[in-house]
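Notes follow once the structure below has been shown.
Start at 1 and go down the list; that is how both ligands and their atoms are numbered.
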Amino acid sequence: MKVGIVGAGMVGSSAGYALAVMGTVSSVVLVDRNAELAIAQAEDIAHAVPFMSSCVVEAGEYDQLAGASVVILAAGVSQKPGETRLALLERNAAVFRDVVGNVLRVAPDAILLIASNPVDIMTQITVRLSGLPAARVIGSGTILDTARFRSLLGRHLGISPQSVHAYVLGEHGDSEVLAWSNARAGSLSLAGFAAQVGSAITADVRARIDDGVRNAAYKIIKGKGATYYGIGAGLARIVKAIAQDQQEVLTVSMVNREIEGVADVALSIPRVIGAKGIVTDLFPDLDAEESAALHRSAALLKETVEAVSL
Ligand SMILES: NC(=O)C1=CN([C@@H]2O[C@H](COP(=O)(O)OP(=O)(O)OC[C@H]3O[C@@H](n4cnc5c(N)ncnc54)[C@H](O)[C@@H]3O)[C@@H](O)[C@H]2O)C=CC1
Ligand SMILES: CC(=O)C(=O)O
């Protein structure tokens, strides 16, 4: 399977590296308006391949995306320290007006996988620009926030994050919702597991984990200028679910008909992903506080997207 990546900066190249390491696809093509950067990134990643897989990694122009089954869109600007994701909207909407048509001209059957921020709004803009069915325009959404939540819960409970079943819903951004009420560790409720291992989830622990998830990007960007390894792996995980028709449950963003009373808005809930993109939505059981927070997140995104003119 061929995967295209438009935007060969930190996020695009990290996704390319993760794909090459995982070895689940046969070909990765990197496209960037800075052709020299795309060539350099592709060369560097290609030199890692002999240690791990047989994926062919190249740089190219848009025409070389022909035949791609998935195209990752990671082009545009990223946050400066202290800047919100929503502040990037106007600049990245302008980039997508350029990019989406160029991709569809050569890869009309591709699934589009959106990474650029604000990712939920960019996902909805891509549906508008492309006219594609919503299930074929997938935003990476809260896949990264869910990984952060599982990582911090696993660390607190002393178990692998892969044994934690917990989801972050709504916006990939400040209004996101950590779904504590349905989180599980192994086969147990969080409280049941925490009691057995003697690591109670107190209000302080909960607040620390919430802050660690919600503000992870701000802290990492302050420390090193950008985040990219986590999202690179998350994007590669979504591509694997598509490439292998895995029917995997992942929190990704798409335009929903209705969420918590808000119509036609893109945000994340757990969804089943397979070869054709998003197969099914799995709306989780939430408590009243989480439902209200998800409504607020949906309403904020809706208000923001309605202000964008294309
Ligand atoms: N969804 C998520 O969880 C995450 C999303 N991001 C977002 O991903 C995006 C990319 O971030 P980075 O890779 O760190 O930025 P970067 O600045 O390293 O790379 C962006 C690349 O886009 C290219 N580009 C800009 N306009 C273009 C156009 N019209 N056509 C083709 N290429 C174009 C630039 O030349 C640059 O190489 C940002 O919007 C950032 O906020 C970053 C981390 C996590
Ligand atoms: C930058 C960003 O969106 C993140 O790391 O969550």
State, without any angle test, whether [X] and [Y] hold a side-chain donor-acceptor pair at a distance under 3.5 Å.
{"X": "Ser253", "Y": "Thr123", "result": "no"}
{"X": "Gln247", "Y": "Asp245", "result": "yes"}
{"X": "Ser181", "Y": "Glu290", "result": "yes"}
{"X": "Asn215", "Y": "Arg148", "result": "no"}
{"X": "Asp145", "Y": "His172", "result": "yes"}

Within the structure provided, determine whether [X] and [Y] are in side-chain contact (heavy-atom separation under 4.5 Å).
{"X": "Leu190", "Y": "Arg184", "answer": "no"}
{"X": "Glu306", "Y": "Glu303", "answer": "no"}
{"X": "Glu58", "Y": "Val28", "answer": "no"}

Quick one: does [X] get an N or O within less than 3.5 Å of an N or O on ligand 1?
{"X": "Val119", "value": "no"}
{"X": "Ala8", "value": "no"}
{"X": "Arg33", "value": "yes"}
{"X": "Gln79", "value": "no"}
{"X": "Thr227", "value": "no"}
{"X": "Ala74", "value": "no"}
{"X": "Asn117", "value": "yes"}
{"X": "Leu37", "value": "no"}

Applying side-chain contact (heavy atoms from CB on, under 4.5 Å) between [X] and each of [options], report the one that passes.
{"X": "Leu169", "options": "Leu286, Thr142, Ile259", "result": "Leu286"}
{"X": "Ile121", "options": "Leu301, Ile114, Asn92, Leu88", "result": "Leu301"}
{"X": "Met122", "options": "Val137, Leu73, Leu89", "result": "Leu89"}

Shortest protein heavy-atom distance from [atom], along with the residue and atom involved:
{"atom": "atom 39 (O) of ligand 1", "value": "Val77 O, 2.7 Å"}
{"atom": "atom 22 (O) of ligand 1", "value": "Gly76 N, 3.2 Å"}
{"atom": "atom 11 (O) of ligand 1", "value": "Val11 CG2, 3.6 Å"}
{"atom": "atom 5 (O) of ligand 2", "value": "Thr227 OG1, 2.6 Å"}
{"atom": "atom 14 (O) of ligand 1", "value": "Met10 CB, 3.6 Å"}
{"atom": "atom 34 (C) of ligand 1", "value": "Asp32 OD1, 3.5 Å"}
{"atom": "atom 30 (N) of ligand 1", "value": "Val99 CG2, 3.7 Å"}
{"atom": "atom 19 (O) of ligand 1", "value": "Gly9 CA, 3.2 Å"}

Specify side chain, backbone, both or neither for Leu144, according to which of its non-hydrogen atoms lie closer than 4.0 Å to ligand 2.
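For Leu144, the contact with ligand 2 is made by the side chain alone.
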Please work out, at 4.0 Å between heavy atoms, whether the side chain, the backbone, both, or neither of Asn117 comes within that distance of ligand 2.
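For Asn117, the contact with ligand 2 is made by the side chain alone.
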List the atom of Phe96, the atom of Leu129, and the distance in Å for their closest heavy-atom pair.
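In this case the closest contact between Phe96 and Leu129 is O-CD1, 3.6 Å.
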Heavy-atom gap Arg148 to ligand 2 smaller than 4.0 Å
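Contact present.
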By number and element, which atoms of ligand 1 are closer than 4.0 Å to a non-hydrogen atom of [X]?
{"X": "Val95", "value": "26 (N), 27 (C), 28 (C), 29 (N)"}
{"X": "Leu144", "value": "3 (O)"}
{"X": "Asn92", "value": "39 (O)"}
{"X": "Leu88", "value": "41 (O)"}
{"X": "Ala115", "value": "1 (N), 2 (C), 4 (C), 5 (C), 6 (N), 7 (C), 8 (O)"}

Measure from NZ or CZ of Arg150 to the centre of the six-membered ring of Tyr167 and say whether it is under 6.0 Å with the direction within 45° of the ring axis.
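Yes - Arg150 lies over the ring of Tyr167, closer than 6.0 Å to its centre and within 45° of its axis.
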Under 4.0 Å between a Lys/Arg side-chain N and an Asp/Glu carboxylate O for Arg206 and Asp211?
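Looking at Arg206 and Asp211, the cut-off is not met.
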Go through ligand 2 atom by atom and flag the ones less than 4.0 Å from a non-hydrogen atom of His172.
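So the atoms of ligand 2 that pass are 2 (C), 3 (O), 4 (C), 6 (O).
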